[in-house]
Amino acid sequence: MPTPAHSSRSPTDHRPQTTSLLAWYRAHRRDLPWRRTRDPYRIWVSEIMLQQTRVDTVIPYYERFLRALPDLQALAAAPEQALLKLWEGLGYYRRARHLQAAAKRIVHDLDGCVPATAAGWRELPGIGDYTAAAIASIAQNEPVPVVDGNVLRVAARVWGLTDDIALPRTREQIRTRLQALMDNTPAAHAAPGDFNQALMELGALVCIPGDSPRCAECPLQPDCIACRDDRTAELPVKARRRAVPHYHVAVGIVRRGNSILVQKRPAAKMLGGLWEFPGGKLQSGETPAAALRRELCEEIGLEVIDAEPLGIVAHAYSHFRVTIHAFLVIAPSRFRARPTAADEARWVTPAALPLLPMPAATLRILALLEKNALAR
DNA sequence: AAGTCGGGGAC
DNA sequence: GTCCCAGACTT
């Protein structure tokens, strides 16, 4: 009687494909900066930056950050504004605050010694299940699996899982299966960092989102249920996210002499600690110019006499979108700003503006300003 | 379980 | 426009 090539395995025994996954990874892994070190500090910084952020985006930030703050002590001692400037444009700025808070805890409370296990890393701010497992497996060889967006997609397809991968229960099931796979495969157990990175790399390069993964190149293809049944386009199953609201905002670039007014956002709120121009949302039926007058009066106590439209910037945040109407406003020389919505207001010369950390949308308004100035 | 928290690339 | 990205945290 002819026997299938993999008849010696039970349906849940995926050791042979695990071995080919590791071989594929070692042949195809990208040469990324954080793959040239085992320094837990550097691996940690990379994993925080990589949260919800693409590899190509992170690379320049990672290299600049480590040049400026090459070790734990430097990070713990860095001024907040310098830290945020290094993070400017990367998004999710709370990551930077948590990173430094954790560094301070390690330096001051843990005698400068980083945690030795995933459970220890998990106690630190900004480090959840994924990041703790990633650091411990990659930098410290602890055999714990990571579950990120890539891994969820690969697992859902290979195992033909139709449960919503956004549900914690589904994620836990996948984590448990991966732990068993790692524990039962000597090659993976001995190189958990490679195993974890192999799954993520496969998700990034081969088992990509959408309806056209590159199954012909996949080392797991022989045992992939989604590929076998031609269901890669349907998997993974993920609940659709609801539509995001769209706001219109008016902001004023207020000049007084040769200075421009900027405000520092409260630390605990969105874009905390970053600097931006005063302004706010349009109310229902309100024109941008009317909103500008109202907001500048409310936020800094300025009666706007004349506002010249500078331009419009569209920007998408994670849970809403905005169209920003920017204006040039001249303030009288006697004007003194009294901020009501910000931690601090400051008058800055145009040359000094780039020294302050600002959100991406504000940087784009600034670019409008420079273009406008050149046209004059 | 759902909402908050950025920004950008791919389609 | 939509979806996704080496997620964490709060409520």
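Order of the sequence lines fixes the chain letters, A, B, ..., with proteins taken first and strands second; residue numbering starts at 1 for each chain. The basis for the numbers below is simple: all heavy atoms, side chains too, and nothing from hydrogens, waters or symmetry mates.
Atom OH in A/Tyr25 sits about 13 Å away from atom P in C/dA6, given to the nearest Å. The nearest whole Å value for the distance from the CG atom in A/Asp194 to the P atom in C/dA6 is 18 Å. Straight-line distance from the CD1 atom of A/Ile208 to the P atom of C/dC5: 11 Å, rounded to whole Å. Across the protein-nucleic acid pair, A/His319 atom NE2 and C/dC9 atom P stand 18 Å apart, rounded to whole Å. Rounded to whole Å, the distance from CD1 on A/Ile127 to P on C/dA6 is 19 Å. The CD-C1' distance, from A/Gln52 to C/dC5, rounds to 6 Å in whole Å. Rounded to whole Å, the distance from NZ on A/Lys238 to P on C/dT2 is 15 Å. A straight line from CZ of A/Arg30 to C1' of C/dC5 spans 12 Å, rounded to a whole angstrom.
A gap of 22 Å separates the C1' atoms of B/dG7 and C/dT10, to the nearest Å. The C1' atoms of B/dG6 and C/dC3 are separated by 16 Å, rounded to the nearest whole Å. Going from the P atom of B/dC11 to that of C/dA6 covers 14 Å, rounded to whole Å.
The side chain of A/Arg54 contributes no N or O atom lying less than 4.0 Å from OP1 or OP2 of C/dC3. Between A/Thr57 and C/dC5 there is no side-chain N or O to OP1 or OP2 distance below 4.0 Å.
Residues A/Gln51 and A/Thr131 have side chains that bring a donor and an acceptor to within less than 3.5 angstrom of each other. Of the N and O atoms on the side chains of A/Trp121 and A/Gln140, at least one donor lies less than 3.5 Å from an acceptor on the other residue.
A distance of 10.0 Å separates CD1 of A/Ile208 from OG1 of A/Thr232, quoted to the nearest 0.5 Å. Here NE2 of A/His189 is found 7.5 Å from CD of A/Gln179. Values are rounded to the nearest 0.5 Å. Taking CG of A/Leu90 as the start and OG1 of A/Thr53 as the end, the distance is 5.5 Å to the nearest 0.5 Å. Put simply, CG on A/Asp31 and CZ on A/Arg36 are 4.0 Å apart, with the number rounded to the nearest 0.5 Å. Atoms CZ and CD1, on A/Phe195 and A/Ile138 in that order, are 12.5 Å from each other to the nearest 0.5 Å.
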Are A/Thr162 and A/Arg231 close enough, and set up right, to give a side-chain hydrogen bond (donor to acceptor under 3.5 Å, both in side chains), and what steps lead you there?
CA-CA 11 Å; A/Thr162 55; A/Arg231 288 163 55 211; 5.6 Å; no
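Nucleic acid contact for A/Asp129: sugar-phosphate only, since backbone atoms but no base atoms lie under 4.0 Å from a heavy atom of the residue. Using a 4.0 Å heavy-atom distance criterion, A/Leu167 is classed as making no nucleic acid contact. Residue contacts for A/Arg321: at a heavy-atom cut-off of 4.0 Å it reaches a base atom on one of the strands shown. As judged by a 4.0 angstrom heavy-atom cut-off over every strand, A/Thr53 is placed among the base-contacting residues.
Using a 4.0 Å cut-off between charged side-chain N and carboxylate O, A/Arg175 and A/Glu172 make a salt bridge. The residues A/Arg105 and A/Glu123 are annotated as not salt-bridged, no charged nitrogen and carboxylate oxygen being separated by less than 4.0 angstrom.
Listed by first then second residue, pairs satisfying side-chain hydrogen bond (donor to acceptor under 3.5 Å, both in side chains) with a partner in residues 63-72 of chain A number zero, not counting sequence neighbours.
Using a 4.5 Å heavy-atom cutoff, the side chains of A/Leu69 and A/Tyr41 are in contact.
A/Leu178 and A/Ile165 fall within the same hydrophobic cluster, defined by Ile, Leu, Val, Met, Phe, Trp and Tyr side-chain heavy atoms under 4.5 Å apart, directly or through other members.
Contacts with DNA chain B (heavy atom under 4.0 Å) in residues 74-90 of chain A: A/Gly89, A/Leu90, listed by number. A heavy atom lying under 4.0 Å from DNA chain C marks the following residues of residues 91-108 of chain A, by number: A/Tyr92, A/Arg94, A/His98. Annotation: proximity of residues 268-277 of chain A to DNA chain C (heavy atom, distance under 4.0 Å) is found for no residue. At a non-hydrogen distance threshold of 4.0 Å, A/Pro359, A/Ala360 from residues 354-362 of chain A come into contact with DNA chain B. For DNA chain C, the neighbouring residues in residues 43-50 of chain A, judged by any heavy atom under 4.0 Å, are A/Glu47, A/Leu50.
Legend: residues meeting side-chain contact (heavy atoms from CB on, under 4.5 Å) with A/Thr287, ordered by chain and number and at least two apart, are A/Ala289, A/Ala290. Residues passing the ring pair (Phe, Tyr, Trp, His ring centres under 6.0 Å) test with A/His98: none are found, sequence neighbours excluded. For A/Tyr62, the ring pair (Phe, Tyr, Trp, His ring centres under 6.0 Å) test picks out A/Trp34, with sequence neighbours left out. Every residue two or more places apart in sequence or in another chain that forms a ring pair (Phe, Tyr, Trp, His ring centres under 6.0 Å) with A/His28 is listed here: A/Trp24.
Residue A/Val329 is found in a hydrophobic cluster whose other members, listed by chain and number, are A/Val254, A/Leu261, A/Leu292, A/Leu296, A/Ile300, A/Leu302, A/Val304, A/Phe327, A/Phe335, A/Trp347; membership requires side-chain heavy atoms under 4.5 Å apart, directly or through intermediates.
Applying salt bridge (charged side-chain N to carboxylate O under 4.0 Å, His left out) to A/Glu80 and the options A/Lys104, A/Lys264, A/Lys85 leaves one that passes, A/Lys264. A/Leu50 pairs in a side chain to side chain contact (heavy atoms under 4.5 Å, CB included) with only one of the listed residues (A/Asp148, A/Thr57, A/Val55, A/Leu32), which is A/Val55.
A nucleotide of DNA chain B counts as in contact with chain A when one of its atoms lies under 4.0 Å from a heavy atom; the first and last such, 5' to 3', are B/dA1 to B/dG9.
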